[in-house]
Amino acid sequence: MLAKTGLLVVSNPKHINRLLSDVQKSVKSTLYIQLLSALTEPLGNFYSNLFTTPPKFSRTIFNIYSQASRQCNNLDVRVLLSSLKSHVSEIKTINPIDIVIFDKEYSRNDIEKFIKSKVSNISKEHDILTVCCGQNDEIPTENDPRDFQVYKHVCLGGTFDRLHVAHKLLLSDAILRTSEKLTIGVTEENMTHSKLLWELIEDVDTRITKLENFVKDICPELTYNICKISDPYGPAIVDETMSMIVVSEETVRGGEKINEIRKQAGLSELSIVPIPFIDEPNPHIREETKISSSNLRLRLLGTLIKPLENKNIPNKPYIIGLTGGIASGKSGVINHLKDLDVPVIDCDKIGHEMYEKTGPSFAQVVGTFGKQILNPEGEIDRKILGNLVFKKPDELKKLTDILWPAMALKIQEIVKNFNTDVVCLEAAVLCQAGWDKFCHEIWCTFVPEKEAIERLKRRNNLTDVQAKDRLASQPSNKDYISHANVVFCPLWEVEYTRLQVIRAWELLQKRLGQVDC
Ligand SMILES: CC(=O)SCCNC(=O)CCNC(=O)[C@H](O)C(C)(C)COP(=O)(O)OP(=O)(O)OC[C@H]1O[C@@H](n2cnc3c(N)ncnc32)[C@H](O)[C@@H]1OP(=O)(O)O
């Protein structure tokens, strides 16, 4: 059985590649890595031989996280730094360790002594494993020409969405170079809007919680000041105690700008230390070639981003509720679903049927909005009705209060008569109508609001103001996404939307395999 949390004790980092490949067969959630110094030292002398010049490890840590990005996609790898910075004599971890893995043979006695005296948070029923690879090889020495000075107060900033190995590298390098205090600025939502798929960025409190958990886990001895920032500079332009800033290769200019502002304010300039990118091992279509949060957000499209609720509805047909804002590409997704032979119930159409001359809601709609909405044939003119309600939420509510209960009955009747395994219920404001309770899962489309406005102007021949009004009368993208289990962004070429739908469909098939459909 896979252990939840493992501790890998590495005597020779040269073999990290093979080690990680083996270890991930034994650990499923978190893998701590503790670097040992000398291959020949018995484990009992572990702490007498620790590395004492911390920045020496920058490159080793870079290699470990680079390899982790290739080998252990689902593992949260954490290189422990406390003992690399000072002679801390205990391995303290937030998560209890279920398995301790060594890359070298040690005596039973040494192992037991080591675990008892050094590993403070160990599960009662822990396992021990030895994975040997080239244990007698020479340990590589580090030769990193970068400036390795250690500073009292270091800072860095970023969005830190879905904390990944490149963030971990940046944070680790900053920790290795800090002797007392590390200030980390985390961007508030207003700073994220220019990013790809910003709507899928975790909220700032979640990002801060994950970040704090990580830094306090790998090096609890430092003082951390984790603060929200709503501009690109944060406290770095006012705090005179800071002396160094860690940046990524692409944000060096930001560091220089901070120094210009500090200089004008009479503050000392910060040393700027750029950290290299980690290459993305398998960049998919549209993805960046470095490890990045936007790649991770792209990979969320078509996957289950929110766990399913247990709803008290029959398993067959399995109902996907498809929703999304106006001009957000729902019809593109529907075309791909139809190609997969999924029947689609169009709720706009059912709405229209409700107030046809012979429909159940005709009299009530005319009674509410007056004869002004009728055409010369005495039928309801949807264009006139639309103009009356779309700009005025109160009027739209009057209409939907009449229509939605009748539509819900009709939909339930239609669904009952379906004989397929899966059916898609498409409705623009499905969740706002409370119809998510009829659906096993909610899928939603979204495109950036600017794009939706441009599409609306082109498609419906609307002016900029009219298009913006239409969009404003609907829930925001964030609101739609907050209800969705699966999201699609049909912003790019048709084929890319199709790939998202195929991914969603294949994952759905797996889920259905677990449901008695
Ligand atoms: C819970 C649901 O989502 S049911 C489906 C939505 N329908 C309703 O809520 C019923 C009330 N709406 C209506 O009767 C009609 O839309 C009218 C009379 C207001 C306008 O009719 P038309 O001009 O023919 O427009 P049509 O019905 O095609 O709707 C235009 C767009 O507004 C959307 N829309 C319709 N009703 C609503 C609503 N209540 N709230 C937000 N958007 C809506 C439609 O889904 C459609 O979006 P799309 O262009 O991305 O496909």
Side-chain angles (χ1 to χ4, degrees), residues 319-335 337 344-357 359-370 372-375 379-412 414-415 424-439 442-447 449 451-462 466-477 479-480 483-484 488-491 497:
I319 305 169
I320 300 166
L322 178 67
T323 186
I326 193 161
S328 66
K330 281 194 298 294
S331 48
V333 168
I334 284 165
N335 288 342
L337 284 174
V344 178
I345 302 170
D346 176 349
C347 292
D348 280 338
K349 216 165 135 207
I350 292 177
H352 300 161
E353 285 165 15
M354 293 296 113
Y355 46 74
E356 277 173 2
K357 237 174 167 173
S361 309
F362 178 83
Q364 209 181 345
V365 173
V366 178
T368 305
F369 293 95
Q372 54 167 337
I373 61 170
L374 297 178
N375 66 14
E379 296 156 336
I380 289 176
D381 184 326
R382 295 207 306 269
K383 200 153 183 89
I384 300 175
L385 184 55
N387 283 336
L388 280 180
V389 298
F390 271 134
K391 259 194 267 170
K392 298 183 189 142
D394 290 350
E395 296 299 303
L396 184 59
K397 185 170 178 328
K398 275 187 207 164
L399 179 63
T400 55
D401 280 351
I402 299 170
L403 296 179
W404 284 351
M407 289 170 74
L409 287 176
K410 178 80 185 165
I411 289 163
Q412 281 168 302
I414 296 174
V415 166
C424 171
L425 183 68
E426 182 221 345
V429 276
L430 184 114
C431 299
Q432 291 69 20
W435 295 355
D436 43 341
K437 66 175 180 279
F438 304 142
C439 305
I442 305 300
W443 292 10
C444 125
T445 54
F446 74 99
V447 291
E449 279 165 14
E451 171 70 16
I453 289 166
E454 289 311 311
R455 287 182 181 186
L456 257 179
K457 278 158 64 178
R458 278 198 306 269
R459 190 188 73 179
N460 296 28
N461 217 3
L462 299 181
Q466 285 169 326
K468 283 180 178 159
D469 275 351
R470 270 284 167 100
L471 210 68
S473 72
Q474 294 212 329
S476 68
N477 278 341
D479 197 2
Y480 274 111
H483 291 99
F488 304 97
C489 184
L491 176 60
T497 306

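Just so you know, residue 1 is the first one in the sequence shown, and it goes up from there. Both counts, for ligands and for their atoms, begin at 1 and track the order of listing.
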Checking contacts now, so for atom 25 (O) of ligand 1, which I'm interested in, is there any protein heavy atom under 4.0 Å?
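Looking at atom 25 (O) of ligand 1, one finds that no protein heavy atom lies closer than 4.0 Å.
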Any G351 heavy atom less than 4.0 Å to ligand 1:
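False for this residue.
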Which ligand 1 atoms are under 4.0 Å away from a heavy-atom of [X]?
{"X": "A327", "result": "50 (O)"}
{"X": "L403", "result": "10 (C), 11 (C), 14 (O)"}
{"X": "M407", "result": "4 (S)"}
{"X": "A433", "result": "1 (C)"}
{"X": "A427", "result": "2 (C), 3 (O)"}
{"X": "H352", "result": "24 (O), 26 (P), 27 (O)"}
{"X": "K330", "result": "50 (O)"}
{"X": "L385", "result": "18 (C)"}

Closest contact, heavy atoms only, [X] versus [Y]:
{"X": "A452", "Y": "I326", "result": "CB-O, 4.0 Å"}
{"X": "P475", "Y": "V429", "result": "CD-CG1, 3.9 Å"}
{"X": "C431", "Y": "H483", "result": "SG-CB, 3.6 Å"}
{"X": "F438", "Y": "Q412", "result": "CE2-NE2, 3.5 Å"}

Is [X] touching ligand 1 with its side chain, its backbone, both, or neither, if touching means heavy atoms under 4.0 Å apart?
{"X": "Q432", "result": "neither"}
{"X": "I326", "result": "both"}
{"X": "V389", "result": "side chain"}
{"X": "M354", "result": "neither"}
{"X": "I350", "result": "neither"}

Considering non-hydrogen atoms of the protein only, which is the closest contact for [atom], and what is the distance?
{"atom": "atom 41 (C) of ligand 1", "value": "Q474 NE2, 3.2 Å"}
{"atom": "atom 39 (N) of ligand 1", "value": "T400 CG2, 3.6 Å"}
{"atom": "atom 22 (P) of ligand 1", "value": "R382 NE, 3.8 Å"}
{"atom": "atom 51 (O) of ligand 1", "value": "D348 OD2, 3.8 Å"}
{"atom": "atom 48 (P) of ligand 1", "value": "R459 NH2, 3.8 Å"}
{"atom": "atom 12 (N) of ligand 1", "value": "L399 CD2, 4.1 Å"}
{"atom": "atom 14 (O) of ligand 1", "value": "Y355 OH, 2.6 Å"}
{"atom": "atom 40 (N) of ligand 1", "value": "V429 CG2, 3.6 Å"}

Value rounded to 0.5 Å, distance of [atom1] in [X] from [atom2] in [Y]:
{"X": "S328", "Y": "L491", "atom1": "OG", "atom2": "CG", "result": "11.5 Å"}
{"X": "I319", "Y": "D436", "atom1": "CD1", "atom2": "CG", "result": "12.0 Å"}
{"X": "L430", "Y": "C439", "atom1": "CG", "atom2": "SG", "result": "4.5 Å"}
{"X": "R382", "Y": "L388", "atom1": "CZ", "atom2": "CG", "result": "14.5 Å"}
{"X": "L403", "Y": "M354", "atom1": "CG", "atom2": "CE", "result": "8.0 Å"}
{"X": "L456", "Y": "E449", "atom1": "CG", "atom2": "CD", "result": "11.5 Å"}

Intermediate values then yes/no, salt bridge (Lys or Arg N to Asp or Glu O under 4.0 Å), R455 and E451
CA-CA 6 Å; R455 287 182 181 186; E451 171 70 16; 2.8 Å; yes
Does atom NZ (K410) have a neighbourhood of more than 12 heavy atoms from anything else shown, all under 6.0 Å?
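Counting neighbours around NZ of K410, 12 or fewer heavy atoms of other residues, nucleotides or ligands fall under 6.0 Å, so no.
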Closest to atom 20 (C) of ligand 1 (judged by heavy-atom distance), picking from F369, W435, F390:
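Comparing heavy atoms across F369, W435, F390, the nearest one to atom 20 (C) of ligand 1 lies in F390.
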Compute the shortest N/O to N/O distance between W404 and ligand 1 and return yes if it is under 3.5 Å, no if not.
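Min N/O separation from ligand 1 is below 3.5 Å for W404.
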